[in-house]
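Read the structure below first, then the notes.
So you know, we letter chains A, B, ... as the sequences are listed, proteins then strands, and number each from 1. These numbers come from a predicted model, not from an experiment. Reckoned from all heavy atoms, side chains included, excluding hydrogens, waters and symmetry mates.
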Amino acid sequence: MTEHIPTTHELETPTAIQVVDLVRDYPRPRTSLFQPAPVVHALRGVSLEVKQGERFGIVGESGCGKSTLLRLIAALDRATSGHVIVEDTDITRLPERRLRSLRENLQLVFQDPMSSLDPRMRVRDIIAEPLVVQGHPASGERVRELLEAVGLSADAGDRYPHQFSGGQRQRISIARALAPRPRILIADEPVSALDVSVRAQVLNLISDLVDELDLTLVFVSHDLSVVKHVCDRVAVMNAGQIVETGYTGDVYAAPQHPYTQRLVSAIPTLQRALSGATTADLLAKGESA
Amino acid sequence: MKRLNPSLIAGGVIVTVIVLMALVSFVWTPYDATLVTPTSRLLKPSWEHWFGTDKFGRDVLSQIMVGSRTTLFVGVVAVGVAAVIGVPLGILAAMVRRWPSEVIMRANDLLLAFPALLLAIMFGAVFGASTLTAMVAIGIASVPSFARVIRSGALQVMRTEYVLAARAAGRQPFPIALRHVLPNVTSLITVQASVSFAIAVLAEAALSFLGYGTPPPTPSWGRMLQESQEFLFTAPRLAIFPGIAIAIAVLGFNLLGDGLRDRFDPKLEDRR
Amino acid sequence: MNDVLTVRGLSVTVRDTALVSDVDLTVGAGERVGLIGESGSGKSLTALSILGLLPEDVRAGGSVRLDGVDHELVGADERRMSRVRGRDIAMVFQEPMTALNPTMRIGDQLAEAMLIHKTLAKPAARTAAADLLDRVQLPAETLRAYPHQLSGGQRQRVVLALALANDPALLICDEPTTALDVTVQALVLDLIVRGVVDRSSALLFITHDLAVVATVCERVLVMYGGRVVEAGPVAEVFTRPRHRYTEGLLAASDLETTSRRLTTIPGNVPPAGRFPSGCVFRTRCAHATALCEETPPWTGSETAGFACHHPAGVGND
């Protein structure tokens, strides 16, 4: 197994995203009048650094805090403590009106191709929305250009989201994210809801666009094998903490943390199965937890 | 291909008939609905008077036709008031932080607990009994149910990823409410409106029956019922005709509401 | 040994639209068979029609026979089907929450499953329920729990215990682990395989995940556009695919490739019922010719073969 050898991420490469000791607690609804409301610790002190131009993966299972982390990085939620620094600006406690540059430079692509596009809007209005918001004239030219960049025909702009398949909707989502010419793209499980035969197309598209437009990519997934293919480095999250960070090839081939070991061994692959692995082999040897 | 469901068709037909009846009554009724003719009091149904006449000799059919105008007016005013206040309130409650939202919703519950008819009678006492004041009161009393339904719908929309994407692109709350939330709760508004319409029609009848609604001589189905009280045993048809009219109108709007809900419900729609 | 399940010429239609056409499928005693397909392939409808659980306006045609049941399952009335379901065939669905009654304790639901088919008397059913939970590695306290108190993985294990309660001859699993995390999936898959092996039950395992099928099953059928396009032993189909769709699917799901770009199948999966006539894959196939407008015949045996005019692995391409 060869890995993508990182060449540009030396020490002098500027940092795109820095997260320092980030904590996010959610209060649960009270269960008793006399006791304080119980608290969910979604993030328990997360730190990470993403270099400019890097493809950074975040892997974890449901409830590990990866979605919370994403929302904090995109300033869509407030941290309990800690800092998020995006391109040298500490955005953690900035009011919405001072987030303008973040809102242009950082864009998101979501998991669910059904819920990520407003069903009542035409595709061209969906794609133009970030431009309109930022006060740029939303020219039909730019929308056509974006549609073409994601491999959709120009007349797609006149139609509504429900007229497209899951894979096409995900392309529309990507076009919308690219509209304000961001420098950072955050993809939250962008292919988890797609058919296998379409998944490869969308992964290629993301990969190509990241190369062409020189983007920094943060790719979140529950699927380590997808992350391994797309990303240079990966952080593995479990129970609100990062348990392991490293080059994806290394983490995949020689996981250090017991949780990562369990995660890696649980992934069924064709190669392993064809060389005789059974379901018992998916359960890590010496499983303790 | 969406198939029309039976309640939608039945409700639609009934409501259309009532609207047509109201429109026709502007240009033609068999007799002047308010014309008192002492010579033809309490006539039985006949070719001249299909539904008979009342104690003042007024033609019952004509009164019911003209009365449908009152019914529709009542519904439009009450639903209009309820929607204009309730929809923004519901969306607001879904978009603001936790405690202001709690305040809105508790105030809402308080109003919900207040009897609508009592509110209408109080309004009548303060501002003078008229169809308009009664219906503004009924409309205000219907605000909580609107706010509640719209809030739950808006909360769902607020949780979608397209709202998240709009926020990430820097959209402010008000444009989000206008461009994303409102268009996606219109189906809920339509359903709630038709149900509230039925409630308003019933409330107007009850208020007129109690003497706090539409004052004479404007024909109203509720007041026709009230005036028929003394003849309940001698001429029950005087109560039966307006009673049936009210029942059919309420049924029609309720069916329409049910039908619209089924049609808009994506879970039912996706079923193959 | 007799085959447990024999499906011949199964078709599923909804208002004149064919969703499944001409499916032949055999599961031998104790055999583990995988049914692979993407959205719209008709794999779940195939499972539902075996159980007679199709929605009201959806019709099944063809033949479904089960060993030990002396009547045809297609078109059988609800009374006869309910005697078969849960005793001879059991099913595990993707969403475990909907398969459990939220108002009943787990123990009562397990006991009920056995009492319905009178396989055990009441006190014995209680003890057996605890034993069933033990076999899916859940503690005995789970008997008194309600479904909402359990996690998704625990619920799916309870559903599995329910399905295996009466030692069915055939267990059908429809995407049983798709909603679960990878580490939980590993455990549930292992429990499924051990459950059917212990009881010598046969397994029909439906999923979109090639790697899962390869790990769990011995034989596989590949469905696309409502048709079985290829069938054979797992090792054969996944190493030497013959149908062009299987070939494309294998390439597209290969994330181990060293090149940054993945191999893709062009185009999109059409919505159910909108697949082309003739070969269902021809609109996305690089090898399609005019010949493909005719439905390709089945080549090979009933358990190992393919339906393609221009199969892979012939000559030099």
Side-chain angles (χ1 to χ4, degrees), chain A residues 1-4 55 59-64 164-168 171 193-205 207-208 211 222-230 238 252 259 262-284 287 289, chain C residues 36-41 151-152 177-194 197 208-217 224 234-236 238-239 245 248-271 281 284:
Chain A
M1 266 180 273
T2 40
E3 67 205 55
H4 317 300
R55 297 155 170 242
V59 166
E61 298 184 299
S62 53
C64 72
F164 295 88
S165 70
Q168 290 169 320
R171 289 169 188 269
L194 301 181
D195 279 319
V196 179
S197 73
V198 179
R199 180 182 73 180
Q201 296 174 8
V202 174
L203 286 176
N204 279 349
L205 176 67
S207 215
D208 292 350
D211 277 348
H222 68 282
D223 191 338
L224 187 53
S225 30
V226 171
V227 167
K228 178 171 112 26
H229 177 76
V230 177
N238 184 31
Y252 197 71
Y259 173 76
R262 210 142 53 87
L263 189 68
V264 170
S265 100
I267 302 170
T269 67
L270 264 183
Q271 277 83 346
R272 278 172 71 196
L274 292 175
S275 52
T278 63
T279 50
D281 297 315
L282 298 179
L283 303 167
E287 182 190 350
Chain C
I36 271 236
E38 299 181 290
S39 57
S41 65
S151 72
T177 56
T178 307
L180 304 178
D181 281 325
V182 194
T183 50
V184 184
Q185 161 174 286
L187 177 61
V188 172
L189 289 179
D190 191 44
L191 290 171
I192 290 175
V193 170
R194 275 202 269 162
V197 169
H208 67 281
D209 192 325
L210 302 178
V212 167
V213 159
T215 313
V216 170
C217 300
Y224 183 81
V234 165
E236 189 67 26
F238 287 167
T239 48
Y245 171 66
L249 194 62
L250 277 166
S253 53
D254 180 18
L255 295 168
E256 304 289 317
T257 172
T258 46
S259 90
R260 188 128 249 190
R261 292 188 61 85
L262 299 167
T263 316
T264 61
I265 300 179
N268 297 289
V269 183
F281 187 58
R284 299 177 71 190

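- For a residue to count as touching a neighbouring chain, one of its non-hydrogen atoms must lie under 4.5 Å from one of that chain's; by this rule A:Ser207 touches chain C with the side chain only.
- Summarising the geometry, atom OG1 belonging to C:Thr183 is positioned 5.5 Å from atom OH belonging to A:Tyr259; distances are rounded to the nearest 0.5 Å.
- In this structure, the portions of A:Ser225 lying under 4.5 Å from any heavy atom of chain C include both its backbone and its side chain.
- Not a single donor-acceptor pair under 3.5 Å links the side chain of C:Gln185 to the backbone N or O of A:Ala266.
- Contact annotation: the side chain of C:Val269 approaches that of A:Val198 to within less than 4.5 Å [non-hydrogen atoms, C-beta and beyond].
- Per-residue counts of heavy-atom pairs under 4.5 Å with chain A were compared for C:Leu210, C:Asp181, C:Leu180; the largest is that of C:Asp181.
- Taking each heavy atom of A:Arg199 and C:Ala252 in turn, the nearest pair found is NH2-O, 4.3 Å.
- Heavy-atom distances place no part of A:Asp223 under 4.5 Å from chain C, backbone and side chain included.
- To the nearest 0.5 angstrom, A:Ile267 atom CD1 is 11.5 Å from C:Thr215 atom OG1.
- Interatomic distance, OG of C:Ser39 versus CG of A:Leu194, reported as 9.5 Å (0.5 Å rounding).
- For C:Val234, the parts sitting under 4.5 Å from any heavy atom of chain A are the backbone and the side chain alike.
- Within the 4.5 Å cutoff, no side-chain heavy atoms of C:Val182 are placed close to those of A:Leu224.
- Residue A:Leu274 touches chain C through its side chain alone, counting heavy-atom pairs closer than 4.5 Å.
- For chain C, the nearby part of A:Leu203 is the side chain; its heavy atoms alone come within less than 4.5 Å.
- Closest heavy-atom contact between C:Ala214 and A:Leu270: CB-CD2, 3.6 Å.
- Side chain of A:Gln201 to main chain of C:Gly267: a donor-acceptor pair is present (N/O by atom type, distance under 3.5 Å, no hydrogens or angles).
- Of the atoms belonging to C:Pro266, it is backbone heavy atoms, and not side-chain ones, that fall under 4.5 Å from chain A.
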Verdict with reasoning, A:Leu282 to C:Asp190, per side-chain contact (heavy atoms from CB on, under 4.5 Å): CA-CA 8 Å; A:Leu282 298 179; C:Asp190 191 44; over 6 Å; no
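- The main-chain N or O of C:Arg261 is never found under 3.5 Å from a side-chain atom of A:Asn204 such that the two would form a donor-acceptor pair.
- C:Asp254 places none of its side-chain heavy atoms less than 4.5 Å from the side chain of A:His229.
- Summarising the geometry, atom CG belonging to C:Leu191 is positioned 8.0 Å from atom CG belonging to A:Leu283; distances are rounded to the nearest 0.5 Å.
- Both the backbone and the side chain of A:Gln168 come within contact range of chain C, judged by heavy atoms closer than 4.5 Å.
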Audit row: A:Thr278, C:Val193, side-chain contact (heavy atoms from CB on, under 4.5 Å) steps and yes/no: CA-CA 9 Å; A:Thr278 63; C:Val193 170; over 6 Å; no
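- For C:Thr263, the part lying near chain A is the backbone, with the side chain staying farther off; criterion is any non-hydrogen pair under 4.5 Å.
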